[in-house]
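First comes the structure, then the notes that go with it.
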Amino acid sequence: MTLAPLLPLWVAIPLVTAVLMVFAQPLALRRVIYLAVPSLSVIGAFVLLYQHRNHAVIAEQVGGFARGIGISFASDAFSALMLAATGILIIASAWFAISIGEDEHNRFFPTLTLVLMAGVNGAILTADLFNLFVWIEVMLMPSYALLAITGTWRRIGVDRMFVVVNLLTSSVFLLGVIYIYGAVGEVNIAVLAGSAANEPQVGIAITVCLIALCVKAGVVPVHGWLPRAYPATSAAVMGLFSGLHTKVAIYAIYRIVSTIFIFDTRGQWIIVVVLCFTMLVGSFGSLGEQRIRGSLAFQMVCGVGYILIALALAANTSDIEARAVALGAGIFYLIHHMLTMGSLILTSGAIEETYGSGRFDRLDGLQRREPLAAGIMAGGMLSLVGFPPFSGVLAKVGIAQSAATAGGALGWTVIAVIIISSLGSLLSMMYLWKGVFWGPQMAMYRPIGAEKFQPVEDDLVINKKQLLPGAFLLLLSLAAFFGAGWLVDQTTRAGFSLLDISDYMWAVLHV
C-alpha cells in the first residue's frame with residue numbers, strides 16, 4: 001500500500017484549517033493549530049521519503065477523475081524533500097510570528113499563511129503545467145494580503161510592484177501553457193516528457209514558461225523587484241517568502257528542464273553567463289545596502305544562481321551518475337540556502353523588533369550588547385559565505401566538484417565565479433557586521449511606533465523567545481553539516497528521481 005491516495009491532503013488540510021482558523025476564538029488554540037499543520041506536513045514528507053525507497057514515484061488523480069479532467073498529483077524523492085524543507089520554513093516563520101505577536105495583531109495572518117502553504121504544496125505535487133499555474137496563483141493571493149498588512153509604510157508601493165510583476169509573469173507563463181496545449185493537446189508533464197527536444201513548438205512554449213519562472217525566482221537581470229519587495233514587509237513574511245516563493249519557482253524549473261527538456265544543451269553558454277552574473281550581482285549587491293534585510297535580499301539573489309547553475313552542469317555531461325550528483329549538489333544548496341537565509345532573516349527581525357530599525361546607521365555595538373543574536377547572525381553569515389561547520393561549505397564544495405567534473409571552459413568558469421562570488425559575500429557580510437555589531441555601544445534608539453529617539457537603557461535586550469526560531473534553523477544548518485552523509489544521500493536520490501522519467505511517466509499515466 002502506498003500513500004498516493006493521501007497526496008491531496010497536503011493541500012486539503014491547510015485549506016480547511018485556514019477556514020477554521022477564522023472562527024477559532026482562543027488565541028492559544030489558534031497558535032497550536034498554526035504550528036500543528038506545517039508540523040504534520042513535515043512528518044508526512046519524511047514518511048514519503050521513506051516510502052520512495054521502494055516506490056520511486058507515486059501518483060493520484062484527485063477525486064478519481066480521468067487524466068486530463070481531474071487534478072494529477074505525483075510525488076518522488078525530490079518533491080518529498082521539498083515538502084519537508086518548505087514545511088520546516090513555515091514552522092520557523094510561524095514560530096517567529098507568534099513570538100512577536102504578529103498573529104495576535106493581525107488575526108488573519110495564520111489563515112493567510114496556511115493558504116500560502118496549500119498553494120506551495122500543490123505546486124510541488126502537481127503533475128500538470130496548467131495546475132502549476134493555478135497553484136502558483138493560490139500562493140500569490142494570500143501573499144498580496146500578507147504584504148499589505150505587515151511591514152513598513154514602503155509596503156504600499158512595493159505591494160503594487162509585487163502584484164504587477166507576478167501578474168505579468170503569471171500571464172506569460174499561462175500563455176506558454178496555452179501554446180503547448182494548442183500544439184499537443186495536453187499539458188500533463190508526463191505526456192510532455194522529452195517533447196521539447198523533438199517538437200520546436202513545445203520547445204518555444206516551454207522556454208516562455210521558464211523565462212516567467214526565472215523572473216519569479218529572481219534571476220539577473222530580472223531580479224530588481226526582489227530586493228525591493230521582500231525587505232519592505234515584516235521579517236516573518238520575508239522569512240516565508242524567502243523559503244517558499246523563489247524556491248517553488250526553482251523547483252518548477254528543475255522539474256521542467258529535467259523532464260520536458262531532458263537537459264537540452266542549446267543556448268547553454270547564454271544560460272551559464274546569466275547565472276554567473278546572478279551569483280556575482282547578488283553577492284556584491286549587498287555592499288550598496290544600508291539595511292540588514294536589504295543586504296540579505298541580495299544574498300537571496302546570489303543563492304538562486306548557485307542552485308540553478310547545477311542544472312547547467314548536469315546538462316554538460318551524459319553520464320547519468322555525474323548528472324545525478326550535480327543535481328543533488330544543487331538540491332543540497334537549495335536546502336542549505338532555505339535554512340541559512342531563514343535563520344538570518346528571522347534573527348534580523350528580532351533585532352528590528354527590539355531596536356526599532358534594521359538600518360546600519362541606527363545600530364551599533366550589538367556584539368557586546370546582544371551576544372546570542374550576534375552569535376546566531378555570525379553563524380548564518382559563515383554558512384552563507386561557505387565556512388565550516390555549517391552547511392554552506394558542503395553546498396559550495398558540491399557545486400564546485402560538479403564543475404570540476406564537467407571540466408573544460410564551462411567548469412573552470414563556474415569555479416572561478418564561485419570563488420569570486422564567495423569573496424563578494426564575505427565582503428558584504430563583513431560590511432553588515434561592521435554596521436550592526438561592531439563599534440561602540442548604542443546611545444539612542446527609536447522604538448517601533450515612536451516619534452522620537454530615546455536613550456538605550458541597560459535592560460533593553462532582545463527577548464530570547466524571538467531568537468529561538470533563527471537559532472532553530474541555524475542548528476539545522478549545523479546538523480546538515482555533521483549529518484551530511486544522510487542528507488547527501490537524500491539529495492542524490494532526489495537527483496536520480498529527476499533523471500528516471502520513465503517511472504514518473506508510468507506512475508502519472510497509469511494511475
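Position 1 is the first residue of the sequence; numbering continues from there.
Ring geometry for Phe109 against Tyr34 counts as perpendicular: the plane angle is over 60°, on a 0 to 90° scale with 30° as the lower cut.
A donor and an acceptor atom, one from each side chain of Gln299 and Ser283, are nowhere located under 3.5 Å apart. Side chains of Tyr504 and Arg255: no donor on one and acceptor on the other come within 3.5 Å. If you check the side chains of Ser170 and Lys216, you find a donor sitting under 3.5 Å from an acceptor.
Proximity of a side-chain donor or acceptor of Arg31 to a complementary backbone N or O of Trp95 within less than 3.5 Å is not detected. In this structure a side-chain-to-backbone donor-acceptor pair under 3.5 Å is missing from Lys247 to Leu334. Remark: side-chain polar atoms of Thr111 are paired, donor with acceptor, to backbone N or O of Ala18 under 3.5 angstrom. The backbone N or O of Gly239 lies less than 3.5 Å from a partner atom in the side chain of Ser242, making a donor-acceptor pair. Of the possible polar contacts, one joining the Thr278 side chain to the Val220 backbone as a donor-acceptor pair under 3.5 Å is found. The closest donor-acceptor contact from the side chain of Arg107 to the backbone of Val22 lies under 3.5 Å. Ser383 places no side-chain N or O within donor-acceptor distance of the main-chain N or O of Gly380, the cut-off being under 3.5 Å. The main-chain N or O of Ile351 is never found under 3.5 Å from a side-chain atom of Thr354 such that the two would form a donor-acceptor pair. A donor-acceptor pair under 3.5 Å is formed between the side chain of Asn463 and the backbone N or O of Lys465. Remark: the backbone N or O of Ala217 is not paired with any side-chain donor or acceptor of Thr246 at under 3.5 angstrom.
Looking at heavy atoms from C-beta onward, Ile90 lies out of side-chain contact with Leu114 at the 4.5 angstrom threshold. Side-chain atoms of Phe73 and Val11, non-hydrogen and from C-beta on, do get closer than 4.5 Å to each other. By the 4.5 Å heavy-atom criterion applied to side chains, Val57 and Ser497 are not counted as neighbours. Under the 4.5 Å side-chain criterion, counting only non-hydrogen atoms from C-beta, Trp225 is in contact with Tyr230. Side-chain contact between Asn121 and Ser41 is present, with at least one heavy-atom pair separated by less than 4.5 Å. For the pair Tyr355/Arg362, no side-chain contact is recorded, criterion being any heavy-atom separation below 4.5 Å from C-beta on. Under the 4.5 Å side-chain criterion, counting only non-hydrogen atoms from C-beta, Ser93 is not in contact with Thr113. No side-chain heavy atom of Pro231 sits less than 4.5 Å from a side-chain heavy atom of Arg291.
Taken to the nearest 0.5 Å, the CD1 atom of Ile260 stands 10.5 Å off from the OG1 atom of Thr207. Taken from OG1 in Thr86 to CG in Leu240, the straight-line distance is 11.0 Å, to the nearest 0.5 Å. Put simply, CD1 on Ile98 and CD on Glu104 are 11.0 Å apart, with the number rounded to the nearest 0.5 Å. Expressed to the nearest 0.5 Å, how far CE of Met429 lies from CG of Leu287 amounts to 8.5 Å. Taking CG of Asn106 as the start and OG of Ser234 as the end, the distance is 8.5 Å to the nearest 0.5 Å. A distance of 5.5 Å separates CE of Met377 from CG of Leu296, quoted to the nearest 0.5 Å.
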### Task
Would you please test Met139 and His245 for side-chain contact (heavy atoms from CB on, under 4.5 Å) and show each step?
CA-CA 8 Å; Met139 288 173 55; His245 274 285; 3.7 Å; yes
### Message
The test is side-chain hydrogen bond (donor to acceptor under 3.5 Å, both in side chains); show your working for Ser72 and Gln61 and say whether it passes.
### Response
CA-CA 5 Å; Ser72 298; Gln61 286 292 132; 2.3 Å; yes
### Intermediate values then yes/no, side-chain contact (heavy atoms from CB on, under 4.5 Å), Phe133 and Val187
CA-CA 11 Å; Phe133 160 78; Val187 288; over 6 Å; no
### Query
Does the pair Ile206 and Leu210 meet the rule for a side-chain contact (heavy atoms from CB on, under 4.5 Å), with working shown?
CA-CA 6 Å; Ile206 286 293; Leu210 288 174; 4.1 Å; yes
### Leu363 vs Tyr445, side-chain contact (heavy atoms from CB on, under 4.5 Å): CA-CA, chis, key distance, verdict
CA-CA 8 Å; Leu363 299 169; Tyr445 83 110; over 6 Å; no
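Considering every non-hydrogen atom in both Ala249 and Leu213, the closest pair reads CB-O, 3.7 Å. In plain terms, the two heavy atoms of Ser343 and Gly470 that are nearest each other are OG-O, 2.8 Å. In terms of heavy atoms, Gly342 sits closest to Leu89 at CA-CD1, 4.2 Å. When every heavy atom of Ala480 is checked against every heavy atom of Leu487, the shortest pair comes out as CB-CD2, 3.7 Å. Nearest heavy-atom pair, Leu432 versus Ser295, reported as atom, atom and distance to 0.1 Å: CD1-OG, 3.7 Å. In plain terms, the two heavy atoms of Arg30 and Asp103 that are nearest each other are NH2-O, 4.2 Å.
Of the residues listed (Phe284, Phe437, Phe298, Phe360), the one engaging Tyr431 in a ring-ring contact (aromatic ring centres under 6.0 Å, His included) is Phe360, and it is the only one.
The side chain to side chain donor-acceptor pair (under 3.5 Å) check on Ser75 picks up His52, Ser79, with sequence neighbours excluded. With sequence neighbours excluded, the residues forming a ring-ring contact (aromatic ring centres under 6.0 Å, His included) with Phe78 are Tyr251, Tyr254, listed by chain and number. Here Ser421 pairs with Tyr306 under the side chain to side chain donor-acceptor pair (under 3.5 Å) rule; sequence neighbours left out.
Aromatic ring centroids of Phe241 and Phe162 lie under 6.0 Å apart.
Around atom CZ of Phe453, more than 12 heavy atoms belonging to other residues, nucleotides or ligands sit under 6.0 Å away.
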